[in-house]
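A quick write-up on the structure given underneath.
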Amino acid sequence: HGLLLSGGTVHVWHVARVGDGADAVHGLGGRSALPPFTLARVPGLDDVVAMAAGQSCSFVVRADGTLLAWGLNGGNGRLGTTPPAFFDERASWGPDASVPTPLAVRFEAAAVSTHNNHVLALTRDGRVYAWGTGDKGQLGLGAMPVIRFRTRSPRAMPYTPYPIEIP
């Protein structure tokens, strides 16, 4: 979980022991030297206007509309950082991110919200994007889109690892 301060900086509670594999969740880089239970500033975030924290992942909207994510991509690409071409070729989500990372699909965000394994983002012009798990309609897309994989037969997946605009 994080804390957005009035100056646009983000701080997180570092609750893991160094080397336990959970450093990605904090956005502090892969090898945080902080002791457990320390409040630390996420480096490089000084113009944040909105944020959301989910299940082992975090999202921030910067003043310029850039949406960044970090944490565990865990089984469904919930970070939204997997490029569509990567997904089309490998039929899998991309790696975890231990530092704030831009999404694979760019748009000017105004707000972001996450719950469990799916994420919704509102753009400055009123559009909505969704990604993550969508097997029960969580993404608002209706039926999940059929992906025309380069190395596998086309099929609808129970998740999308990159933002898709909700019609």
Side-chain angles (χ1 to χ4, degrees), residues 1-4 10 12-13 15-16 21-28 30 42 45 48-167:
H1 297 290
L3 176 65
L4 175 59
V10 174
V12 294
W13 286 104
V15 296
D23 285 336
V25 175
H26 303 97
L28 302 174
V42 177
L45 294 181
V48 175
V49 296
M51 69 177 293
Q55 186 175 346
S56 300
C57 59
S58 295
F59 303 88
V60 295
V61 176
R62 299 181 95 171
D64 67 0
T66 303
L67 184 53
L68 304 171
W70 69 90
L72 305 181
N73 223 359
N76 60 7
R78 70 177 155 230
L79 294 181
T81 55
T82 304
F86 180 98
F87 186 55
D88 291 350
E89 183 175 323
R90 299 186 184 173
S92 181
W93 58 91
D96 298 339
S98 63
V99 295
T101 304
L103 300 188
V105 174
R106 304 289 171 98
F107 50 84
E108 289 188 10
V112 62
S113 179
T114 182
H115 179 71
N116 289 338
N117 293 314
H118 70 281
V119 184
L120 300 171
L122 175 66
T123 67
R124 290 179 173 179
D125 61 6
R127 295 174 291 136
V128 177
Y129 283 81
W131 62 95
T133 301
D135 60 337
K136 294 179 176 64
Q138 305 94 306
L139 302 182
L141 299 171
M144 292 297 286
V146 173
I147 308 297
R148 306 219 181 291
F149 295 111
R150 286 187 240 155
T151 57
R152 299 176 187 211
S153 299
R155 67 178 176 187
M157 298 292 287
Y159 66 90
T160 178
Y162 50 82
I164 294 178
E165 186 177 352
I166 297 175

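Being a predicted model, the structure only gives us computed values, none of them experimental.
- A distance of 5.5 Å separates CG in L141 from CD1 in I164, rounded to the nearest 0.5 Å.
- A distance of 10.0 Å separates CZ of R106 from CG of L67, quoted to the nearest 0.5 Å.
- Among all heavy-atom pairs drawn from Y162 and F87, the shortest one is CE2-CD2, 3.7 Å.
- How far OG of S58 is from CG of L79: 9.5 Å, rounded to the nearest 0.5 Å.
- The structure places CE of M144 at 12.0 Å from CZ of R155, a figure rounded to the nearest 0.5 Å.
- Closest approach of G140 and I166 over heavy atoms only: O-CG2, 3.3 Å.
- Looking at every heavy atom in both residues, A50 comes nearest to A110 through CB-O, 4.2 Å.
- Distance check: T123 OG1 to E108 CD gives 8.5 Å after rounding to the nearest 0.5 Å.
- Using modelled atom types, one side-chain atom of T151 and one backbone atom of E89 make a donor-acceptor pair closer than 3.5 Å.
- When all heavy atoms of T82 and G94 are compared, the pair lying nearest together is OG1-N, 2.7 Å.
- The two residues L103 and P163 come nearest to each other via the heavy atoms CD1-CG, 3.8 Å.
- Counting only heavy atoms from C-beta outward, the side chains of W93 and W131 never approach each other to under 4.5 Å.
- Counting heavy atoms from C-beta outward, P100 and L45 have side chains that approach closer than 4.5 Å.
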I would like to know whether V60 and V42 meet side-chain contact (heavy atoms from CB on, under 4.5 Å); could you show each step before the answer? CA-CA 11 Å; V60 295; V42 177; over 6 Å; no
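- Two residues are said to be in side-chain contact when any heavy atoms from C-beta on lie closer than 4.5 Å; T66 and L68 meet this criterion.
- A donor-acceptor pair under 3.5 Å is formed between the side chain of D96 and the backbone N or O of N73.
- Remark: the backbone N or O of N117 is paired with a side-chain donor or acceptor of N76 at under 3.5 angstrom.
- Between the side chain of R78 and the backbone N or O of L72, at least one donor-acceptor pair lies under 3.5 Å.
- Here the side chain of R150 pairs a donor or acceptor atom with the backbone of A85 at under 3.5 angstrom.
- Taken from OG in S113 to CZ in F59, the straight-line distance is 10.0 Å, to the nearest 0.5 Å.
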Go through the steps to decide whether D125 and R127 satisfy the test salt bridge (Lys or Arg N to Asp or Glu O under 4.0 Å), and finish with yes or no. CA-CA 6 Å; D125 61 6; R127 295 174 291 136; 3.0 Å; yes
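- Under the 30°/60° scheme for interplanar angles, the aromatic rings of Y129 and F107 are found to lie parallel.
- Between T160 and A130, the closest heavy-atom pair is CG2-O, 4.2 Å.
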